[in-house]
Colleague: 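I'd like to ask you about the structure that follows.
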Amino acid sequence: MAGGRNAAIIGTGSVIPPRIVTNKDLEKYIQTSDEWIRERTGIHERRVVEDDIAASDIATQAGLLAMEKAGVSAEDLDLIIVSTVTPDMAFPSTACLVQNNIGAKNAAAFDLEAACSGFSYGMTIAKQFIETGTYTYILVIGVDILSKITNWRDRHTCILFGDGAGAAVLGPVNKGEGILATCLGADGSGGHVLKLPAGGSRMPASHETVEKKLHYIDMDGSEVFKFAVRIMASTTKEVLKKANISLEDIDLLIPHQANIRIIDGAIKRLGIDRDKVFINLHKYGNTSSASIPVALDEAIAEGRVKKGQIIVLAGFGAGLTWGSSVMKWV
Ligand code: ACO
């Protein structure tokens, strides 16, 4: 392409497990109510995989759907990036398992871990490889099976999370379209507010760690909440500034789907109307790395993403991390 090239999302796919867990279902295990959960989070229900399903299973399905939409074959893929905090196992990477499942024998593959911001991190990495001409087609997958690291007796966390996988194939387009800018950030000083304490090299799995329930998500909800509202607004502003695009030009904002009050707080700060914001958290809860690509895939399926429109993705997650991107849809 004369004058250089940009990267763009050229196909998406998503997989949401069929099993539904409603707020009413949770009332049977913990002291909560459907009304409390709806009011404080906006979540009505979430999806949970069956016991024998792992991240690579739904990641593979989502990846294949995205490849089909993009018209890109397994052999065409140069790289597979999987963002997840719930890999099948510590190693081999889930990306290598997906590579084998789909037969992408020409692709390099690795996992990245930036929690709910992971899809933004993956897209930004893919963008660099495509813009420099190093690679042509890259599959970026966000997948998480948080149900398996959630303490279903902890009402502060279990109401929030769900399982899912979302994928996008990125490829080259002309300058001026596709991904116009991305922004990434991290603040490790806030790492303690959202963590999985045991199972790593700091605290390997033992009878004691299991007894103390240290293999489950540990979260300071209100600290995450404050950080999330502030950072979703600031990362959106920053990425727009980088691309020289004004807030009024946004056709659709797809935020990380964590809590409706976080989204409302962020869009109030930004001054964006709710009808320009895609929301599906009432159906799926927070699916971590999968949240943004699943929402994007649904927004496309619902006809809310059209050629030439300005689409913004914005997320935050454990780390603490955040990431955003602005695209002129192709
Ligand atoms: N049902 C009923 N009552 C509850 C529940 C529940 N499920 N959970 C908490 N309560 C109670 C609390 O005990 C508290 O009462 P108390 O003070 O008498 O003990 C009261 O309700 C208020 O609790 P808060 O924690 O202050 O409730 P808040 O309005 O802050 O909502 C929530 C909590 C929903 C967790 C909110 O803080 C939040 O969404 N935080 C962000 C979490 C998030 O997005 N995490 C994911 C990050 S992304 C990633 O990387 C995975």
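Keep in mind that what you see is a predicted model, and the values were worked out from it rather than measured. Quick note: numbers below take in every heavy atom, side chains included, and nothing from hydrogens, waters or symmetry partners. Read the numbers this way: they start at 1 and go in the same order the structure lists the ligands and their atoms.
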Colleague: With a cutoff of 4.0 Å, is Asn286 in contact with ligand 1, counting heavy atoms of the residue only?
Modeller: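 Checking ligand 1 against Asn286, which is what was asked, there is a heavy-atom contact under 4.0 Å.
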
Colleague: Could you find the nearest protein heavy atom to atom 8 (N) of ligand 1 and give me its residue, atom name and distance?
Modeller: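 The answer is Trp36 CH2, 3.4 Å.
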
Colleague: Is the closest N or O pair between Ser33 and ligand 1 shorter than 3.5 Å?
Modeller: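 No.
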
Colleague: With side chains defined as the heavy atoms from C-beta onward, is the minimum distance between Val169 and Ile9 less than 4.5 Å?
Modeller: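 Sidechains of Ile9 and Val169: no contact.
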
Colleague: Could you tell me if Tyr284 and Glu298 have a donor-acceptor pair between their side chains, going purely by distance under 3.5 Å?
Modeller: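 The answer is yes; a qualifying pair exists.
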
Colleague: Going by the atom numbers of ligand 1, which of them fall below 4.0 Å from some non-hydrogen atom of Ala115?
Modeller: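 Answer, ordered by atom number: 50 (O).
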
Colleague: Any luck finding a side-chain donor-acceptor pair between Asp144 and Thr287 under 3.5 Å?
Modeller: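 Not at all, the side chains of Asp144 and Thr287 share no donor-acceptor pair under 3.5 Å.
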
Colleague: Do NZ/NE/NH1/NH2 and the carboxylate oxygens of Arg19 and Glu50 come within less than 4.0 Å?
Modeller: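 Glu50 and Arg19: salt-bridged.
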
Colleague: Could you tell me whether ligand 1 has any atom less than 4.0 Å away from a heavy atom of Leu26?
Modeller: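 Leu26 does not count as a contact of ligand 1 under the 4.0 Å cut-off.
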
Colleague: Please report whether ligand 1 has a polar contact with Met219, defined as an N or O pair separated by less than 3.5 Å (distance criterion only).
Modeller: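 Not met; the criterion fails.
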
Colleague: Short list, please: which atoms of ligand 1 are under 4.0 Å from a heavy atom of Ile159?
Modeller: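 Near Ile159, the atoms of ligand 1 are 7 (N).
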
Colleague: Starting from atom 49 (C) of ligand 1, locate the nearest protein heavy atom and write down its residue, its atom name and how far away it is, to 0.1 Å.
Modeller: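 Result: Cys116 SG, 2.6 Å.
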
Colleague: Under 3.5 Å between any N/O of His256 and any N/O of ligand 1: does that happen in this structure?
Modeller: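 It does not: no N or O of His256 is found under 3.5 Å from an N or O of ligand 1.
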
Colleague: Output yes when a protein non-hydrogen atom is found under 4.0 Å of atom 17 (O) of ligand 1, and no otherwise.
Modeller: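 Given the 4.0 Å limit, the answer for atom 17 (O) of ligand 1 is no, no protein heavy atom qualifies.
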
Colleague: Hey, are the side chains of Ile250 and Ile272 touching, using non-hydrogen atoms and a 4.5 Å cut-off?
Modeller: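 Yes, at least one pair of side-chain atoms sits under 4.5 Å.
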
Colleague: Checking contacts now, so for atom 41 (C) of ligand 1, which I'm interested in, is there any protein heavy atom under 4.0 Å?
Modeller: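 There is a protein heavy atom less than 4.0 Å from atom 41 (C) of ligand 1.
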
Colleague: Among all protein heavy atoms, pick the one closest to atom 43 (C) of ligand 1 and tell me residue, atom and distance.
Modeller: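 Protein heavy atom at minimum distance: Val224 CG1, 3.6 Å.
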
Colleague: Yes or no, since that's all I need: does a protein heavy atom fall within a distance strictly under 4.0 Å of atom 5 (C) of ligand 1?
Modeller: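 Given the 4.0 Å cut-off, atom 5 (C) of ligand 1 counts as touching protein heavy atoms.
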
Colleague: In terms of atom number and element, which parts of ligand 1 are under 4.0 angstrom from non-hydrogen atoms of Gly317?
Modeller: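 Those of ligand 1 that fall under 4.0 Å from Gly317 are 50 (O).
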
Colleague: Could you check whether Arg274 pairs with Asp264 (Lys NZ or Arg NE/NH1/NH2 to Asp/Glu carboxylate O, under 4.0 Å)?
Modeller: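 Answer for the salt bridge query: yes.
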
Colleague: Looking at Leu26, Thr22, Val21, which one forms a side chain to side chain contact (heavy atoms under 4.5 Å, CB included) with Lys24?
Modeller: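 With Lys24 as partner, side chain to side chain contact (heavy atoms under 4.5 Å, CB included) holds for just one option, Thr22.
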
Colleague: Out of Val229, Ile30, Thr41, Asn259, whose heavy atom is nearest to atom 38 (C) of ligand 1?
Modeller: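 Looking at heavy atoms only, the winner is Asn259.
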
Colleague: Say whether Arg40, considering both its backbone and side-chain N or O atoms, lies within less than 3.5 Å of an N or O atom on ligand 1.
Modeller: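 Indeed, backbone or side chain, Arg40 has an N or O that close.
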
Colleague: Considering only protein heavy atoms, which is closest to atom 31 (O) of ligand 1, and at what distance to one decimal place?
Modeller: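 So the nearest neighbour among protein heavy atoms is Arg261 NH2, 3.5 Å.
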
Colleague: Pull out every atom of ligand 1 sitting under 4.0 Å from any heavy atom of Gln31, numbered as shown with elements.
Modeller: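 Reading through ligand 1 atom by atom, the close ones are 1 (N), 2 (C).
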
Colleague: Kindly confirm or rule out an N or O of Thr32 lying under 3.5 angstrom from an N or O of ligand 1.
Modeller: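 Such a contact does occur with ligand 1.
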
Colleague: Is Glu27 atom CD crowded by more than 12 heavy atoms from other residues, nucleotides or ligands, each under 6.0 Å away?
Modeller: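 Counting neighbours around CD of Glu27, more than 12 heavy atoms of other residues, nucleotides or ligands fall under 6.0 Å, so yes.
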
Colleague: Write out the residue and atom name of the closest protein heavy atom to atom 47 (C) of ligand 1, then the distance separating them to 0.1 Å.
Modeller: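 Of every protein heavy atom, Leu194 CD2, 3.4 Å lies nearest to atom 47 (C) of ligand 1.
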
Colleague: Are any of the N/O atoms on Phe161, whether in the backbone or the side chain, positioned under 3.5 angstrom from an N/O atom of ligand 1?
Modeller: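 No, since none of the N or O atoms of Phe161 sits under 3.5 Å from an N or O of ligand 1.
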
Colleague: Are a donor atom and an acceptor atom from the side chains of Asn259 and Arg40 found within less than 3.5 Å of each other?
Modeller: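 No.
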
Colleague: Can you name the residues that form a ring-ring contact (aromatic ring centres under 6.0 Å, His included) with Tyr216, not counting sequence neighbours?
Modeller: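 Partners of Tyr216 under the ring-ring contact (aromatic ring centres under 6.0 Å, His included) test: none.
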
Colleague: Which of the numbered atoms in ligand 1 are below 4.0 angstrom from a heavy atom of Ala258?
Modeller: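 Reading through ligand 1 atom by atom, the close ones are 44 (O).
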
Colleague: Going by heavy atoms in the side chains, are Leu281 and His44 under 4.5 Å from each other?
Modeller: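 No, their side chains stay 4.5 Å or more apart.
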
Colleague: Between the side chains of Glu238 and Lys242, is the shortest nitrogen-to-carboxylate-oxygen separation below 4.0 Å, so that they form an ion pair?
Modeller: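 Result for this pair is no, no salt bridge flagged.
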
Colleague: Does the side chain of Asp218 come within less than 4.5 Å of Asn151's, by heavy atoms?
Modeller: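 They are not in side-chain contact.
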
Colleague: Nearest non-hydrogen contact with atom 7 (N) of ligand 1 belongs to which option: Arg155, Glu223, Lys195?
Modeller: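 Looking at heavy atoms only, Arg155 sits closest to atom 7 (N) of ligand 1.
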
Colleague: With no hydrogens and no angle check, do the side chains of Thr235 and Ser324 hold a donor and an acceptor under 3.5 Å apart?
Modeller: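 Indeed, the side chains of Thr235 and Ser324 share at least one donor-acceptor pair under 3.5 Å.
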
Colleague: So, 4.0 Å and heavy atoms of Ala228: is ligand 1 close enough to count as a contact?
Modeller: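 It does not; every heavy atom stays at 4.0 Å or beyond.
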
Colleague: Hey, are the side chains of Phe129 and Leu79 touching, using non-hydrogen atoms and a 4.5 Å cut-off?
Modeller: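 Side-chain contact under 4.5 Å: yes.
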
Colleague: Using a 4.0 Å heavy-atom threshold (strictly under), name the region of Ile262 that reaches ligand 1: side chain, backbone, both or neither.
Modeller: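 Looking at Ile262 and ligand 1, just side chain atoms fall under 4.0 Å.
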
Colleague: Counting only non-hydrogen atoms of the protein, does one fall under 4.0 Å from atom 29 (O) of ligand 1?
Modeller: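 Under the 4.0 Å cut-off, atom 29 (O) of ligand 1 does have protein heavy-atom neighbours.
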
Colleague: If you measure only the distance, is there a donor-acceptor pair under 3.5 Å linking the side chains of Glu35 and Ser33?
Modeller: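 No donor-acceptor contact under 3.5 Å links the two side chains.
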
Colleague: What's the spacing between Glu131 CD and Lys175 NZ if we round to 0.5 Å?
Modeller: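 Glu131 atom CD to Lys175 atom NZ measures 5.0 Å (nearest 0.5 Å).
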
Colleague: Would you verify that at least one protein heavy atom lies under 4.0 Å from atom 10 (N) of ligand 1, or report that none does?
Modeller: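 It does; a protein heavy atom is within 4.0 Å.
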
Colleague: Establish whether atom 25 (O) of ligand 1 and some protein heavy atom are separated by less than 4.0 angstrom.
Modeller: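 There is no protein heavy atom less than 4.0 Å from atom 25 (O) of ligand 1.
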
Colleague: Which of the numbered atoms in ligand 1 are under 4.0 angstrom from any heavy atom belonging to Ser222?
Modeller: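 Answer for ligand 1: 37 (O).
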
